[in-house]
Amino acid sequence: MANRPLDTQLLDRAIEMAVRAHAGTERRGKGYPYIVHPMEAMAIVSTMTADQELLAAAALHDVVEDTDYTVDDIRAEFGDRIATLVESESDSLTPGIPEEETWHERKRAAIERLAKASRDAKMVALGDKLSNMRAIARDYAVKGDELWNLFHVKERRDHEWHYRSLADSLRELEGTAAFTEFEELINQVFA
């Protein structure tokens with residue numbers, strides 16, 4: 001019996017949208033195209049599931065937060081499930097208020113939302129957060145505590161609180177390779 005080709009049409013369309021949406025943008029201070037981050041998040045999610053909608057949501061997770069696309073655009077193109085997953089990963093800034101002034105409030109709300117989220121939403125979030133933590137660990141190995149000066153919030157202890165709280169909110173995924181790596185990197189950076 002021959003293997004049937006995997007139907008990746010939905011995922012292919014999501015990747016194409018993510019590439020268009022993030023075209024010409026750079027990962028903050030990294031010197032490489034932004035699209036590398038959502039593709040890494042998608043690859044991380046693929047270690048936990050083959051669900052094409054979850055992989056698509058991971059590819060699109062920053063589109064609403066960082067580009068002109070809206071949740072309604074995602075819904076029209078990909079349906080309710082993917083739109084809801086992308087929306088759950090989108091941080092909403094308050095217009096006219098500097099990002100650093102609302103950082104703690106936004107992060108606390110996101111952590112609380114994540115703690116109550118579905119397992120699917122947690123997998124998409126872990127893809128994003130582990131990708132971020134990998135970048136932090138790489139940069140921390142080179143820059144040490146100077147790294148924190150690159151962020152809007154500059155206190156190491158604030159970032160430690162944020163990532164340890166995220167790990168607690170994602171504990172349902174304990175036992176996956178992605179969660180294990182996430183926790184190990186947190187412990188390594190914030191030893």
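The figures here come from the full heavy-atom set of this structure, side chains too, leaving out hydrogens, waters and symmetry mates. Note that the structure is a prediction, hence the values are computed from the model and not measured.
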Compare all side-chain heavy atoms of Leu54 with those of Ile82 and state whether any distance is below 4.5 angstrom. no
Side chains of Ile15 and Met42, heavy atoms from C-beta outward: is any pair under 4.5 Å? yes
If you define the side chain from C-beta out and look only at heavy atoms, does anything of Trp148 sit under 4.5 Å from Asp158? no
Give a yes or no on whether the backbone of Glu172 and the side-chain of Arg119 come within a donor-acceptor separation of less than 3.5 Å. yes
Look at the side chain of Thr49 and the backbone N and O of Ser46, then say whether any donor-acceptor pair between them is shorter than 3.5 Å. no
Find the distance between OG1 (Thr47) and CD (Glu181) and round it off to the nearest 0.5 Å. 8.5 Å
When you measure from the side chain of Ser90 to the backbone N and O of Val64, does any donor-acceptor pair fall under 3.5 Å? no
Examine Val45 and Met39 and state if one hydrophobic cluster contains both, with Ile, Leu, Val, Met, Phe, Trp and Tyr joined whenever side-chain heavy atoms are less than 4.5 Å apart. yes
Restricting to non-hydrogen atoms, name the atom on Ala167 and the atom on Phe179 that form the minimum distance, rounded to 0.1 Å. O-CE1, 3.4 Å
Fellow cluster residues of Tyr32, listed by chain then number, with links counted only when side-chain atoms sit under 4.5 Å apart: Val36
Residues passing the salt bridge (charged side-chain N to carboxylate O under 4.0 Å, His left out) test with Asp80, sequence neighbours excluded, are Arg75
By the salt bridge (Lys or Arg N to Asp or Glu O under 4.0 Å) test, which pairs, at least two apart or in different chains, include something from residues 11-21? Arg13-Glu77
Do Leu185 and Leu150 belong to the same hydrophobic cluster, where Ile, Leu, Val, Met, Phe, Trp and Tyr are linked whenever their side-chain heavy atoms lie under 4.5 Å apart, directly or via other members? yes
Kindly say whether Ala141 contributes a backbone atom to a donor-acceptor pair with the side chain of Asp139 at under 3.5 angstrom? no
State the CG-CZ distance between Asn149 and Phe151, to the nearest 0.5 angstrom. 10.5 Å
Would Leu114 end up clustered with Ile44 when hydrophobic side chains under 4.5 Å apart are linked, directly or stepwise? yes
Check whether the side chains of Asp62 and His22 place a donor and an acceptor atom closer than 3.5 Å, and report yes or no. no
Heavy-atom side-chain proximity of Leu85 to Leu60 below 4.5 angstrom: no
Charged N to carboxylate O below 4.0 Å: is that the case for Glu183 and Arg171? yes
Under a 3.5 Å cutoff, is there a donor and acceptor pairing between the side chains of Glu184 and Asn187? no
Distance-only, no hydrogens or angles: does the Lys122 side chain make a donor-acceptor pair with backbone N or O of Leu170 under 3.5 Å? no
Evaluate the side-chain proximity of Trp161 to Lys107: yes if any heavy-atom separation is below 4.5 Å, no if none is. yes
Quick check against the 3.5 Å criterion: does Thr70 have a side-chain atom that pairs as donor or acceptor with the backbone of Asp73? yes
Any non-hydrogen side-chain atom of Phe78 less than 4.5 Å from a side-chain atom of Glu53? no
Under 3.5 Å, is there a donor on one side chain and an acceptor on the other for Ser131 and Asp128? no
For the ring pair Trp103 and His152, is the centre-to-centre distance below 6.0 Å? no
State plainly whether one hydrophobic cluster holds both Val86 and Leu55, where clusters connect Ile, Leu, Val, Met, Phe, Trp and Tyr through side-chain heavy atoms under 4.5 angstrom apart. no
Could you tell me the separation between the CZ atom of Arg113 and the CZ atom of Arg106, rounded to the nearest 0.5 Å? 10.5 Å
Side-chain (Arg164) to main-chain (Phe190) donor-acceptor, under 3.5 angstrom: yes
Do Phe182 and Leu166 come within less than 4.5 Å of each other through their side chains, counting heavy atoms only? yes
Between Arg81 and Asp120, is there a salt bridge with N-O shorter than 4.0 Å? yes
Using every non-hydrogen atom in the two residues, find where His159 and Glu155 come nearest and quote the distance to one decimal. CD2-O, 3.2 Å
Closest non-hydrogen atoms of Ala137 and Val189, given as atom of the first, atom of the second and distance, are CA-CG2, 3.6 Å
With no hydrogens and no angle check, is any side-chain donor or acceptor of Gln52 less than 3.5 Å from a backbone partner on Ala50? yes
Taking the side chain from Ser118 and the backbone from Ala121, do they hold a donor-acceptor pair closer than 3.5 Å? yes
Looking at OH of Tyr34 and CG of Asp66, how far apart are the two atoms once the value is rounded to the nearest 0.5 Å? 4.5 Å
Roughly how far, to the nearest 0.5 Å, is CD1 of Ile35 from OG1 of Thr25? 8.0 Å
To the nearest 0.5 Å, what is the distance between CD1 (Ile136) and OH (Tyr163)? 3.5 Å
Hydrophobic clusters here meaning ILVMFWY residues chained together by side-chain heavy-atom distances under 4.5 Å, can you tell me if Met123 and Ile74 are in one? no
Can you confirm whether Asp68 is buried at CG, in the sense that more than 12 heavy atoms of other residues, nucleotides or ligands lie under 6.0 Å from that atom? no
Counting N and O atoms only, with roles assigned by atom type, does the side chain of His61 sit under 3.5 Å from a partner on the main chain of Ala58, one being a donor and the other an acceptor? yes
